2 protein chains.
Amino acid sequence: MKIVSKEDAMKAVKKNLTINDIAAQAGVSKATVSRVLNTPEKVAEKTRNRVLAVIRTTNYRPNPLARALNIQRTGIIGVIVSDITNPFYALMVRNIEEVCRAHHHYIFLCNTDGRREEEEFYIRSLVEKKADGIILGATQMDSKNLHLLYESEIPFIFVSRLPQERERCDYVTADNEQGGYMATQYLLSLGHTRIAYLGGRWETSSNLERFEGYKKALMERDLPPQEEYLFSGEFRMEGGYEEGLRILALGKNRPTAVFCANDYMAIGLLEACRERRVKVPEELSIVGFDDIPLSALKSIQLTTVSQSVAELGALSGKILIDKILNPQKRNVRQQVVFPPKLVVRKTCAPPKIRE
Amino acid sequence: MKIVSKEDAMKAVKKNLTINDIAAQAGVSKATVSRVLNTPEKVAEKTRNRVLAVIRTTNYRPNPLARALNIQRTGIIGVIVSDITNPFYALMVRNIEEVCRAHHHYIFLCNTDGRREEEEFYIRSLVEKKADGIILGATQMDSKNLHLLYESEIPFIFVSRLPQERERCDYVTADNEQGGYMATQYLLSLGHTRIAYLGGRWETSSNLERFEGYKKALMERDLPPQEEYLFSGEFRMEGGYEEGLRILALGKNRPTAVFCANDYMAIGLLEACRERRVKVPEELSIVGFDDIPLSALKSIQLTTVSQSVAELGALSGKILIDKILNPQKRNVRQQVVFPPKLVVRKTCAPPKIRE
DNA sequence: CTTTCTTATGAAACTGGTTTCAGTATAAAT
DNA sequence: ATTTATACTGAAACCAGTTTCATAAGAAAG
């Protein structure tokens, strides 16, 4: 019996016909149908064509769930970020998605909002759901569930932020310390000495390392970082804005420059400056970190440390996919550190001489 | 035999122990273990506790794949957007994710980049993968694979952009025509008569409807839209920038105002203005659409039509989850249209009198 | 003290595929 | 003509659960 009408073809999609139906219609066993689908070269041409014909007319697609259960692969890649609303992560995810799709893998998006519990929850979920791989883009150094990853067979990779035991892991990141150092050095070279640090949570490696770079540059000039110049808020525009207001409220002792641990916060700080009518760069110099597309806007022109997010994302995706596809490569560590680059735009100037 | 050591518990995670192992250890059949997990009230308390004890010490988790194969639910919700890099979509997805997570559903992120083929590809993939539900945030009106959705049992909902046969579908959107009308009216009320339209692809409903609103407002004043004032580029900042340059190159006949079909493009246009040293709003008034967070920045201050993206996302998620959880509700159509709101900021002014 | 109704449980069938293994038919080598 | 190797194919086992159905035990009713 042949199936020809459009209605039947439609039914095929709706009615979830199975490999048994195909086998019956083609007059073969379901093993053969499975072989036609997976290892066609092992099926005689005549048989293969007959089966293929049935598959085509019925518009049959094997159930991916049943398949996943067998071959133990889901085609899912978990991507954990802190906030997709942050252009930094959006760009990262976008690039990850592109390389994954090219290899028939799909992305599970997880926003942790920077909360440790959310990260732990998602790690557990992804392990249980048997994701084929996991990309951690926003790990907290005190995150508890990483051991689940080490114990599972699932390949995973860190991007941008690293965990405590980084030697054991794969990662792709920028040289954050070097970046922080460059930014601060640049401000010092302009003549600034009162340089504040505006960062995120201390539990994130990127923040910590950028701070280390900041500290290093200051120490080289015998200017140890001062407690009252250290600010840390939420890793977002609002965080930058709120802490920014506090910085600007510092009065006489106000710093003449701020190194922001990320662009998104820096833009928040710029907002605060506008609101308080503090002129940038005349009254306050600002350097950011990340070089998100926004920073290049003519109305923003943020001087920043660039760390090609797109590359970060794409490369991490590639490495992960490679490990998924080639299990023998899983025990060689891939640890990539991109050199940062200072992008000088218009938010920095020498300090005005006051008093 | 009781399992107590940490090593054993770890092995549990790694070694993928199955329901059979639990059954054996608890001295019951796997059916009973399954019941303890799914319908505990149907198991005698004594037995239940024994099984639970084993589950706890072994740290056993049922394989979600096997489970999905049985109950025909994956816990996956596909979210198709055109570009997560666009703050509009980022915000939308963020809110969708939040409501989904609250109901133990997870998000599959799909970027179509506004291309019809990608959308078709993803629709097909999601249907095949048996997603529990699909949110379409960037549908093209000429998209071909929607019929797969109608034919499948999978609940789906459109956000922001609608398909051709909208009567048959669930959707959450803003009143785009009304928004376009309001924006244009506002420009007219300021005294502008040479008002350009800068939009995206004509195949997207939101663009088309906003244009309709624009046209309606103009027609009421007997000012039919002029071909040379109609611009359409990529629905992104770059698109706005490029088309913006073309608008500004119009010389003598240059429009005095532009209604942009979305904020992201409007910001691109602002870039172009900065570059060509065209003063906004003195020499050119601009109204956007969407009211993305960026538009409120002090350095941008874009006058725009607001359509609470967050609400759009959250509500669409809620409706979809509701349909997934309550199949009986699936055949009542949910069609929500939010009223838009004009947010006047600083990119509009009366036209300068020239010549 | 039967009979009837619940309740608890396990065996087996089922979800929809993949894979191993054994067997047959055919081609090649002796 | 006989042996050996090779190419195909199908039955059955398997992946890891859920669900139906039959049965046994215990409780309630007659």
Side-chain angles (χ1 to χ4, degrees), chain A residues 12-52 54-55 58-76 127-132 152-153, chain B residues 12-52 54-55 58-76 127-132 152-153:
Chain A
V13 181
K14 176 148 43 184
K15 264 286 296 171
N16 284 344
L17 79 182
T18 75
I19 198 169
N20 285 308
D21 303 325
I22 304 302
Q25 286 196 28
V28 295
S29 73
K30 58 183 194 162
T32 300
V33 177
S34 177
R35 277 188 282 258
V36 168
L37 257 16
N38 300 297
T39 49
E41 71 280 3
K42 289 191 181 165
V43 178
E45 194 177 339
K46 215 179 120 192
T47 321
R48 194 196 317 146
N49 288 335
R50 189 150 36 93
V51 174
L52 282 175
V54 176
I55 289 178
T58 55
N59 202 17
Y60 163 75
R61 305 273 162 171
N63 183 324
L65 264 50
R67 206 186 160 127
L69 179 58
N70 264 294
I71 61 176
Q72 302 285 359
R73 293 235 242 86
T74 53
I76 292 174
V127 170
E128 281 173 13
K129 284 204 180 314
K130 312 222 178 279
D132 283 355
S152 78
E153 313 278 69
Chain B
V13 181
K14 176 149 42 184
K15 262 287 295 171
N16 284 343
L17 79 183
T18 75
I19 198 169
N20 285 307
D21 303 325
I22 305 302
Q25 285 197 27
V28 296
S29 73
K30 59 183 194 161
T32 299
V33 178
S34 177
R35 277 189 282 257
V36 168
L37 257 16
N38 300 298
T39 49
E41 70 281 3
K42 289 191 180 166
V43 179
E45 194 177 343
K46 217 179 117 192
T47 322
R48 194 196 318 144
N49 287 334
R50 190 147 38 93
V51 174
L52 282 175
V54 177
I55 289 178
T58 55
N59 202 18
Y60 163 73
R61 305 272 162 171
N63 183 325
L65 262 51
R67 209 189 158 125
L69 178 57
N70 264 294
I71 62 177
Q72 302 286 359
R73 294 237 241 86
T74 53
I76 292 174
V127 170
E128 281 174 14
K129 284 206 180 313
K130 311 220 177 281
D132 284 355
S152 79
E153 312 277 69

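By convention in this document, chain letters (A, B, ...) are assigned in the order of the sequence lines, proteins followed by strands, and residues within each chain are numbered from 1. Source: prediction; values computed, not measured. Basis for what follows: all heavy atoms, side chains included, without hydrogens, waters or symmetry-related copies.
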So what does [X] touch, heavy atoms closer than 4.0 Å: a base, only the sugar-phosphate, or nothing?
X	result
B:Val43	sugar-phosphate
A:Asn38	sugar-phosphate
B:Val33	nothing

For C:dG17, does OP1 or OP2 lie under 4.0 Å from any side-chain N or O of A:Ser34?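 No, outside the criterion.
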Given D:dA16, is OP1 or OP2 found less than 4.0 Å from the side-chain N or O atoms of B:Tyr60?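 So the side chain of B:Tyr60 is outside the cut-off, no N or O lying under 4.0 Å from OP1 or OP2 of D:dA16.
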Whole angstrom value for the distance that separates [atom2] of [N] from [atom1] of [X]:
X	N	atom1	atom2	answer
A:Arg67	C:dG16	CZ	P	16 Å
B:Leu65	C:dG16	CG	P	15 Å
A:Leu17	C:dG16	CG	P	10 Å
B:Asn63	C:dT15	CG	P	18 Å
A:Lys30	C:dC14	NZ	P	11 Å
B:Lys130	C:dG16	NZ	P	8 Å
B:Lys42	D:dT19	NZ	C1'	9 Å
B:Asn20	C:dG10	CG	P	13 Å

As a test of reading the structure: which of [options] is closest to the side chain of [X], going by heavy atoms?
X	options	answer
A:Ile71	C:dT18, D:dT19, C:dG10	C:dT18
A:Leu69	D:dG17, C:dG10, C:dG16	C:dG16
A:Asn70	D:dT20, D:dT9, C:dG17	C:dG17
B:Ala66	D:dA16, C:dG10, D:dG10	D:dA16
B:Thr18	D:dG17, C:dT18, C:dC21	D:dG17

Nearest-nucleotide comparison on DNA chain D, the residue closer to the 5′ end among A:Gln72 and A:Ala31: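 It is A:Ala31, whose closest nucleotide lies nearer the 5' terminus.
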Under 3.5 Å, side chain of B:Arg35 to main-chain N/O of B:Lys42, donor-acceptor pair present?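 Side chain of B:Arg35 to backbone of B:Lys42: no pair is present.
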Which pair of non-hydrogen atoms, one from B:Thr74 and one from B:Asp132, has the smallest distance, and what is that distance?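 Nearest pair, atom of B:Thr74 first, then B:Asp132: N-OD1, 2.9 Å.
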Side chains of [X] and [Y] in contact at under 4.5 Å (non-hydrogen atoms):
X	Y	answer
B:Tyr60	B:Val51	no
B:Lys129	A:Ile76	no
B:Thr18	B:Asn63	no
A:Val28	A:Thr47	yes

With a 3.5 Å cut-off and just heavy-atom distances, do the side chain of A:Arg35 and the base of D:dG10 make a donor-acceptor pair?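 Counting by modelled atom types and ignoring angles, a donor-acceptor contact under 3.5 Å is found here.
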Judged by each residue's nearest nucleotide on DNA chain C, which is more toward the 5′ side, B:Glu41 or A:Arg61?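 Between the two, 5'-proximity favours B:Glu41.
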